[in-house]
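Some notes on the structure that comes next.
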Amino acid sequence: MQSLLYQMWDGSLVDATSYREQKLLRFLKYATEHCPYYRDIFRQVGFSPKSLSCFEDIPLLDKTIVRRFQKELTSDVINSLNFYAMNTGGSTGEPLEFPVSRIAGLIDKVHQEFVCREIMQYQPGDIIVAFDGSSVPAKSLDAHRYWVVKSDQDASYGRLSYSSLYLRAETLHYYIRHILDTAPCIFRGYPSFINDIAEYILKNNVSIPFRIKGIQLTAENTHDWQIENIRKAFNTRVFLQYGHSEVCVYGYTLDDTYEYYCSPFYGFTEVLGEDGKHVKLGDVGEVVVTGFHNFAMPFLRYRTGDLAIFAGDVGGIIRLQKIVGRTQDCIFTKNGEKVALTALIFGQHYHAFRNIQKWQLQQDIPGKVKVRIIKGEGFSSEDEMEIQCKFRDICDVDTEFEYIDYIPVTSRGKFRFLIQNVQA
């Protein structure tokens, strides 16, 4: 199939396939020139960044390798770059901290603006709100305000963030009232969180007196029943977005087929089988990604741990029919309320993440969670206290710590971040 042409900001037309290949080659060249890890790996496998013919010979990257070779993976010109530290809790249970070039963050923002403007028909003056795991100051909570206002720079992600951390049966009506007063045009955020709002609206016959242009669901795997609830409650179109803190892939949907389009301007996406080879059309494989813009620490052929159905390479755009692997597990408070781990863990920025090699949660009774931790070199009592305080302050859940050397996998070889023995 012929490659698709895209109009750039300067009016020029760009061939998507050619752009993707050229960008990939340039980034591979940069990695071999500035990152000792890749320089050694390329030499070992006989790969030269002059051609993509042997690209699949490059060994896969994962969190364990990043943690072990972080210094060698970091660019040797990082001190001359504008970058920031990013950390991820990770649904695989392996937290990670790494540097990210600010240009990568800007590219992500450009993509988000594209989705808002071109797909959800954003116009100046429209209000975008987020539904995420933001922390809210105590004074606001005392006044029953479970949201925070963000800077204008975050406008495309939402100038106001409703926090899922404080969503309870007794607080839900405060969220609803504020949403009705704010009259946002675009929602974006956790599907489990927005679905809880939608279910309340449907159950209580709440009328929405304004037009919502679209709702973008992100950060969790989304179920069909959630989409239906949300679409019905808010009388609008629902879109999905797929990405990672490692800024290697930006996937978005256009219609109710909910097929993801992975941007060729953001990174290169592969879907690999257990044999390491690319799967065929319609088959399931692991999503493996290569980002184009993180010059501080390039992620080449990075294993996301997510499974997807490969829907083809169409005009230079990798398509994913469905993504599997985003967790929506919840823990239960003493009162039996559910708190999504996306808000409590994966949407938070724990300083302890950098000092944890791997961790796992187990809940046997409401209001109490056992935290199993494989310590990293710098782990201390301060890290334990941070986790303890977060769990207690956010959802009134007590923590019991167990420090171990190994976390077993399931009989099928899969790791479970949460072992939930409490029945809903």
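- A donor and an acceptor atom, one from each side chain of Q241 and Q216, are nowhere located under 3.5 Å apart.
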M297 and V100: CA distance, side-chain angles, deciding distance, side chain to side chain contact (heavy atoms under 4.5 Å, CB included) verdict: CA-CA 7 Å; M297 179 180 282; V100 174; over 6 Å; no
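- Pairing each heavy atom of A311 with each of L281, the nearest pair is C-CD1, 3.2 Å.
- Under the 3.5 Å distance criterion, with hydrogens and angles disregarded, no donor-acceptor pair is assigned to the side chains of Y157 and Q112.
- In this structure R372 satisfies the side-chain contact (heavy atoms from CB on, under 4.5 Å) test together with Q360, Q362, K370, E402, I404, I419, sequence neighbours excluded.
- In this structure, Y242 has its ring center at least 6.0 angstrom away from the ring center of Y250.
- Aromatic ring centres of Y266 and F292: separated by at least 6.0 Å.
- Residues W147 and V129 have side chains not in contact (no heavy-atom distance under 4.5 Å, counting atoms from C-beta outward).
- Residues forming a ring pair (Phe, Tyr, Trp, His ring centres under 6.0 Å) with H34 (at least two apart in sequence, or on another chain): Y30.
- Applying the side-chain hydrogen bond (donor to acceptor under 3.5 Å, both in side chains) test to residues at least two apart or on different chains, the pairs with a partner in residues 122-131 are D126-K213.
- Every residue was checked against the ring pair (Phe, Tyr, Trp, His ring centres under 6.0 Å) condition with F83, not counting sequence neighbours, and none meets it.
- The environment of E118 atom CD is dense: over 12 non-hydrogen atoms of other residues, nucleotides or ligands sit within 6.0 angstrom.
- A donor and an acceptor atom, one from each side chain of H111 and S263, are located under 3.5 Å apart.
- Checked by atom type, the side-chain pair T333/D396 shows no donor-acceptor distance below 3.5 Å.
- For Y162 and Y146, the ring centers are positioned 6.0 Å apart or more.
- A salt bridge does not link K203 with E199: none of the charged nitrogens is closer than 4.0 Å to a carboxylate oxygen.
- Side-chain contact check for Y175 and D196: no donor-acceptor pair (N or O, by modelled atom type) lies under 3.5 Å.
- Between F265 and Y19, the ring planes lie tilted relative to each other; the angle falls in the 30° to 60° range.
- No side-chain donor-acceptor contact under 3.5 Å links S156 and K109.
- Remark: the N204 side chain and the H173 side chain contain no N/O donor-acceptor pair separated by less than 3.5 Å.
- Using modelled atom types and a 3.5 Å distance limit, the side chains of T257 and D255 yield a donor-acceptor pair.
- Between L73 and C35, the closest heavy-atom pair is O-SG, 3.5 Å.
- Between E259 and R319 there is a salt bridge, since at least one side-chain N of the basic residue sits less than 4.0 Å from a carboxylate O of the acidic one.
- Residues that satisfy the ring pair (Phe, Tyr, Trp, His ring centres under 6.0 Å) test with F268, not counting sequence neighbours, are F55.
- Here the closest heavy-atom approach between residue Q226 and residue P191 is recorded as OE1-CB, 3.9 Å.
- Partners of F69 according to the ring pair (Phe, Tyr, Trp, His ring centres under 6.0 Å) rule, which considers only residues two or more places apart in sequence or in another chain, are Y37.
- Closest of all the heavy-atom pairs between L81 and S101 is CD1-OG, 4.5 Å.
- Ion pair D62/R67 not flagged as a salt bridge, since none of the NZ, NE, NH1 or NH2 atoms sits closer than 4.0 Å to an Asp/Glu carboxylate oxygen.
- For the residue pair P49 and L25, the shortest heavy atom distance occurs at O-CD2, 3.6 Å.
- Around atom CZ of R68, no more than 12 heavy atoms belonging to other residues, nucleotides or ligands sit under 6.0 Å away.
- Taking the ring centroids of Y302 and F299, they lie under the 6.0 Å cut-off.
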